[in-house]
2 protein chains.
Amino acid sequence: MEQATRRTTIADVAKAAGVSKAAVSFAFNTPERLSADTVSRIRDIATTLDYRPDPVARMLAQRRTWTIGLLTPQGLDVIFTNPYFGEFSAGVATAAEAAGMAIQFISPLHGSLTRAVDRASVDGVIAVGLGAEHPEVGQIRRSGIPFVVVDSTALRDEPGVTVDDEGGAALAARHLLELGHRRFLVIGIEPPSASDRAEPTGVTARRLGGYRAALAPAGIELDDEAIVVGPASLEGGIEALRRAWARGSRPTAVLAMSDAMAIGAMRAARELGLRVPRDLSIVGFDDLDLAQYTDPPLTTVHQPIRRKGQEAVRLLLAGGRHRDEEPSEQQLLATRLVVRGSTARASSGPEGVVDDGR
Amino acid sequence: MEQATRRTTIADVAKAAGVSKAAVSFAFNTPERLSADTVSRIRDIATTLDYRPDPVARMLAQRRTWTIGLLTPQGLDVIFTNPYFGEFSAGVATAAEAAGMAIQFISPLHGSLTRAVDRASVDGVIAVGLGAEHPEVGQIRRSGIPFVVVDSTALRDEPGVTVDDEGGAALAARHLLELGHRRFLVIGIEPPSASDRAEPTGVTARRLGGYRAALAPAGIELDDEAIVVGPASLEGGIEALRRAWARGSRPTAVLAMSDAMAIGAMRAARELGLRVPRDLSIVGFDDLDLAQYTDPPLTTVHQPIRRKGQEAVRLLLAGGRHRDEEPSEQQLLATRLVVRGSTARASSGPEGVVDDGR
DNA sequence: GCGGTTTAGCAAACCGGTTTAGCGGACCGT
DNA sequence: ACGGTCCGCTAAACCGGTTTGCTAAACCGC
């Protein structure tokens, strides 16, 4: 992978046009500093010579890369195949593009996120799903690059955008409660790497808090038996419900912390001979595009994923300007429950029984 | 978004260590050129000063960006939310990462792919789904950057990786034929931009060719009425089947050119009161992860999407070395039919009738 | 003690742009 | 005719690394 022929540089154009390098630069960047016909002469020659300014050289000189980094603790293979990240990235990408910025994914490189951050040349970073315990946060802050955090409430001193996870989760739980459900299974998201486990402020904890807050008034509490976790994927959801079932859980309703897991749970339920929602109600979280096309369509908590990405970009771009003056801006976006077909009135089993005792 | 404090440069480290800039550079890149203790001294000082070489400066000096570009005619918002691209990108990413390369998405910028190519600083390009008629191909070739094409057979003179679309499509059609189907609807992929329309060598054309080749021996030919196209998305599939139905098509089997469209078609079929596969058989193309989890599980043509991405990277990385000597390497990957639950024996209507005449 | 080879490190050129300070000439009013 | 201002452009410094001679000292055998 070697360059075949040397590409035309600004010096070539300058020589051909009989002007200085500066003039060529001006012709493209600040044409008002040159006379109109000099500009057009230079531009003509440039097109003839097929001159395209080297982006790297430009980055170095301007000390701007016109790139914003998307930092995630997950590897690229899971990022790209995860619909949630897909929608989020789409939001980031459109907003970034509108601002003339490119986006660069920063994911653990050979297992090290730190190394990946070093290699990345970006003007700003959007860190998604990173807790305070991640050393990379300090690394970035020290490097002086502006950044905003997404989906992590731990870093109150940094600008960030979050979603009302507690509220949304509570909505979901209350909905099931109203349908008469009393035996619940929570399918939770397992953090990507071991070091992230038991993070007290992560998405998982916040949603769990929401479930609990809604269930408590009804006298229901979620013990460890009522919670099962796994990777936030379809397979993870299948696995989770299977495991719970195998160890004796007999819920009438499932609170899944992601749509992917909810869909997986629907699938697993079918395998177990359960009809959704007749025998088992399932509510997800996220409201992916896909959620409306499942069979039955998935009842779920909607969160504005794309907008989250766009807001993150907005915050990042606005952030630097009044850096030290104002307190860092925190954005909290609303969630809402979307009732579709995967939830129904509880029918089987005696109501009020929280645990079927195996 | 301004840099707060100037980061430590190689000159700072050199001064602090009492050596030349070159020595610092050597200490990291070619430590064998320095004495062992000088190396460790420089490295210690570098860590103390929290020195991290500026990637951009390095790129400029080495004239390598350690980045490969992923060129697509679609916008980033569709790329990121499309499961096919997701899996493909995941393949590219893992292979690239293994080779120490980052990946950069190159998508139309303000509608212009040319502009996007100019802005991108990459060592090589993987162009996916680009036909010969795209001027960008010429642009890249002229710029001397190595590139490989994916999913386009038009550019035989460039290295590329393709999948046996004809063969796979034929398999799908024959499968339905064997189940007794005679009335077919093809749901095709519509090219992303108007200029790409009617590309004679695109994926759509190849798969259509496969269908036709398999159907012809049975005396069935696909006229325009039997073909409907739309964007390669779930919504596109829904829309397509609805449109076909509305204009009077009454097929017993659907040949969809992508799984997303097939899933959409399943959804639309249900809305129309058709049971899949009892009243309507559907076969997709791609074999996305998702395909095994639909209800019923989707019969589809499997293609090795991830591997396609990996092979593209391999070809790109190997490409430059023996550039002019060998003929450009072409890689053709096999497809196979995966029979699941969305296809069944044709039951309704008189067999042998190709068109129900409204 | 001498020429010849290594070794360790330096100075400077270079990558390809941007940006600042400044210069010569045209134009202006008086 | 003269000093001042404006216009159009240039020369050179700069961004932060890498890489290419090259040199001075150390090492070598004899």
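If you're wondering where the values come from, they're calculated on a predicted model, not measured in any experiment.
Applying a 4.0 Å cut-off to non-hydrogen atoms, none of the residues of residues 36-50 of chain A approaches DNA chain C.
In this structure, the salt bridge (charged side-chain N to carboxylate O under 4.0 Å, His left out) partners of A/Lys308, at least two apart in sequence or on a different chain, are A/Asp151.
In this structure, B/Glu32 and A/Val56 both approach DNA chain C, and ranking their closest nucleotides by distance from the 5' end singles out B/Glu32.
B/Asp12 has its CG atom 13 Å from the C1' atom of D/dC15, to the nearest Å. B/Arg64 places its CZ atom 15 Å from the C1' atom of C/dC15, with the value rounded to the nearest Å.
Looking at heavy atoms from C-beta onward, A/Gln310 lies out of side-chain contact with A/Val92 at the 4.5 angstrom threshold.
The two residues A/Ile10 and A/Ser25 have their closest heavy-atom pair at CD1-N, 3.9 Å. A/Thr47 and A/Arg43 get closest at one heavy-atom pair: OG1-O, 2.7 Å.
Recorded end-axis angle for the helix from C/dG1-D/dC30 to C/dT30-D/dA1 stands at 40°, based on five pairs per end and rounded to 10 degrees.
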Under 3.5 Å, side-chain donor or acceptor atoms of residues 11-19 of chain A against the rest of the protein: list the pairs with distances, not counting sequence neighbours.
unit_1  : atom_1 : unit_2 : atom_2 : d
A/Asp12 : OD2    : A/Thr9 : N      : 2.8

Donor-acceptor pairs are to be reported for all side-chain atoms of residues 50-59 of chain B against protein atoms at under 3.5 Å, with residues two or more places apart or in another chain.
unit_1  : atom_1 : unit_2   : atom_2 : d
B/Asp50 : OD2    : A/Arg142 : NH1    : 3.4
B/Arg52 : NH1    : A/Asp118 : OD1    : 3.3
B/Asp54 : OD1    : B/Val56  : N      : 2.7
B/Asp54 : OD1    : B/Ala57  : N      : 3.4

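Note on B/Val19: only backbone sugar-phosphate atoms sit closer than 4.0 angstrom, heavy atoms only; bases stay farther off. Within 4.0 Å (heavy atoms only), B/Leu60 reaches at least one base atom of the nucleic acid.
The line from CD1 of A/Ile305 to CZ of A/Phe88 is 10.0 Å long, rounded to the nearest 0.5 Å.
For B/Phe85 and A/Phe80, the distance between ring centers is not under 6.0 angstrom.
With salt bridges taken as basic N to acidic carboxylate O contacts below 4.0 Å, none links A/Arg306 and A/Glu311. B/Arg307 and B/Glu87 are not joined by a salt bridge, as no carboxylate oxygen comes within less than 4.0 angstrom of a charged side-chain nitrogen.
Counting only N and O atoms by type, the side chains of A/Thr65 and A/Asp123 include a donor and acceptor under 3.5 Å apart.
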What nitrogen or oxygen pairs link the protein and nucleotides 17-19 of chain C at under 3.5 Å?
unit_1 : atom_1 : unit_2  : atom_2 : d
C/dG17 : OP1    : A/Asp54 : N      : 3.3
C/dG17 : OP2    : A/Ile10 : N      : 2.5
C/dG17 : O5'    : A/Tyr51 : OH     : 3.0
C/dG17 : O5'    : A/Asp54 : N      : 3.3
C/dG17 : N7     : A/Lys21 : NZ     : 3.0
C/dG17 : O6     : A/Lys21 : NZ     : 3.0
C/dT18 : OP1    : A/Asn29 : ND2    : 2.9
C/dT18 : OP1    : A/Arg58 : NH1    : 3.1
C/dT18 : OP2    : A/Ser25 : OG     : 2.6
C/dT18 : OP2    : A/Asn29 : ND2    : 3.4

